[in-house]
There are 2 protein chains.
Amino acid sequence: MATTSWNDVKAARNGDSAVEAAYAAAQLAFELGEQVRAMREERGWSQRQLSALTGMSQPAIARFEAGGTTPTLPILERIAIAFDSTLSVQLKPKEVA
Amino acid sequence: MATTSWNDVKAARNGDSAVEAAYAAAQLAFELGEQVRAMREERGWSQRQLSALTGMSQPAIARFEAGGTTPTLPILERIAIAFDSTLSVQLKPKEVA
DNA sequence: AAACCTGATACCATCGGTGGTATGTCCTGG
DNA sequence: CCAGGACATACCACCGATGGTATCAGGTTT
């Protein structure tokens with residue numbers, strides 16, 4: 001190890017990673033909620049119909065679409081299946097452009 | 001009967017996609033774990049170093065990489081940030097031709 | 001007006017992921 | 001042989017997401 005680089009990296013990020021992650025997750029939850037609402041209305045489904053298809057409760061759908069909670073991957077999978085879609089989760093390297 | 005099926009199974013699950021979703025989520029968790037492990041080793045980081053960067057515990061990293069648990073979106077965000085990457089979650093239409 | 005559907009909110013119980021600690025195993029270096 | 005690092009597993013406590021129910025507001029229909 002040259003100059004304890006990972007310690008440097010840690011120190012550099014320690015102050016913002018948690019906050020940044022929380023913000024990013026919240027934003028992601030919001031965007032996913034919007035997308036699901038769009039897909040649902042596109043099909044003319046009510047929240048109850050979608051909740052039945054996904055095995056969720058109607059309140060859960062409402063919370064999710066409002067961005068009130070950060071959905072879990074199993075939930076996203078069920079929603080994806082209900083929409084006959086595929087769930088894609090990827091860690092993509094930030095291109096240095 | 002051995003032949004049976006997947007057709008029957010698929011037909012039967014038309015109304016309950018819970019099993020399929022659980023399986024898909026587990027597979028997704030496994031693949032994400034593999035990817036994170038690859039990215040971590042690529043950088044020569046130990047689980048402990050990554051745990052420090054993400055604010056997670058080393059056991060949490062181990063469980064995650066082994067696919068033992070399905071990670072939450074905030075956790076994935078923190079890992080993405082630690083790797084200086086971006087997290088992409090999308091519901092893509094399956095559009096079977 | 002009443003009956004109905006839709007979506008949003010509140011409350012509570014349960015489940016699953018995580019944090020923390022401790023421990024076990026394997027490997028490498030002293 | 002012993003010491004240390006790395007990874008895995010076990011146990012427990014806490015927290016967040018979900019399930020379920022009930023309730024409320026808004027709109028539509030009769």
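Chain letters run A, B, ... following the sequence lines, proteins first, then strands; residues in each count from 1.
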Hey, can you pull the donor-acceptor pairs under 3.5 Å for the side chains in residues 60-70 of chain A, sequence neighbours left out?
residue: A:E65; atom: OE1; partner: A:R37; partner atom: NE; Å: 2.7
residue: A:E65; atom: OE1; partner: A:R37; partner atom: NH2; Å: 2.9
residue: A:E65; atom: OE1; partner: A:R40; partner atom: NH2; Å: 3.0
residue: A:E65; atom: OE1; partner: A:Q47; partner atom: NE2; Å: 3.3
residue: A:E65; atom: OE2; partner: A:R40; partner atom: NE; Å: 2.6
residue: A:E65; atom: OE2; partner: A:R40; partner atom: NH2; Å: 3.4

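- Contacts between residues 56-71 of chain A and DNA chain D, defined by a heavy-atom separation under 4.0 Å, are made by A:M56, A:S57, A:P59, A:A60, A:R63, A:T69, A:T70, A:P71.
- Side-chain contact check for B:M39 versus B:S85: some heavy-atom pair is nearer than 4.5 Å.
- Judged by distance alone, the side chain of B:Q90 and the main-chain N or O of A:L87 form no donor-acceptor pair under 3.5 Å.
- Within the structure, no pair that satisfies the salt bridge (Lys or Arg N to Asp or Glu O under 4.0 Å) test touches residues 42-56 of chain A, not counting sequence neighbours.
- Among residues two or more places apart in sequence or in another chain, the side chain to side chain contact (heavy atoms under 4.5 Å, CB included) test is passed with A:E34 by A:F30.
- Atom pair B:L73:CG and D:dG16:C1' shows a separation of 12 Å (rounding to whole Å applied).
- Across the protein-nucleic acid pair, A:L32 atom CG and D:dT18 atom P stand 11 Å apart, rounded to whole Å.
- Where DNA chain C meets chain B (any atom under 4.0 Å from a heavy atom), the bounding nucleotides read 5' to 3' are C:dG17 to C:dA22.
- Under the 3.5 Å distance criterion, the side-chain polar atoms of A:E41 are left unmatched by any main-chain donor or acceptor of A:A38.
- For residues 34-48 of chain A, proximity to DNA chain C is found at A:R37, A:R40, A:S46, A:Q47, A:R48, defined as any non-hydrogen atom under 4.0 angstrom from a strand atom.
- When rounded to the nearest whole Å, the span between CG of B:L76 and P of D:dA17 equals 14 Å.
- Taking 4.5 Å as the limit, some side-chain heavy atom of B:L76 sits within range of a side-chain heavy atom of A:L73.
- Although no hydrogens or angles enter the test, the distance criterion places a donor-acceptor pair under 3.5 Å between the side chain of B:T86 and the main chain of A:K92.
- Considering only heavy atoms from C-beta on, B:V36 comes within 4.5 Å of B:L50 through its side chain.
- Counting heavy atoms from C-beta outward, B:I81 and B:R78 have side chains that stay 4.5 Å or more apart.
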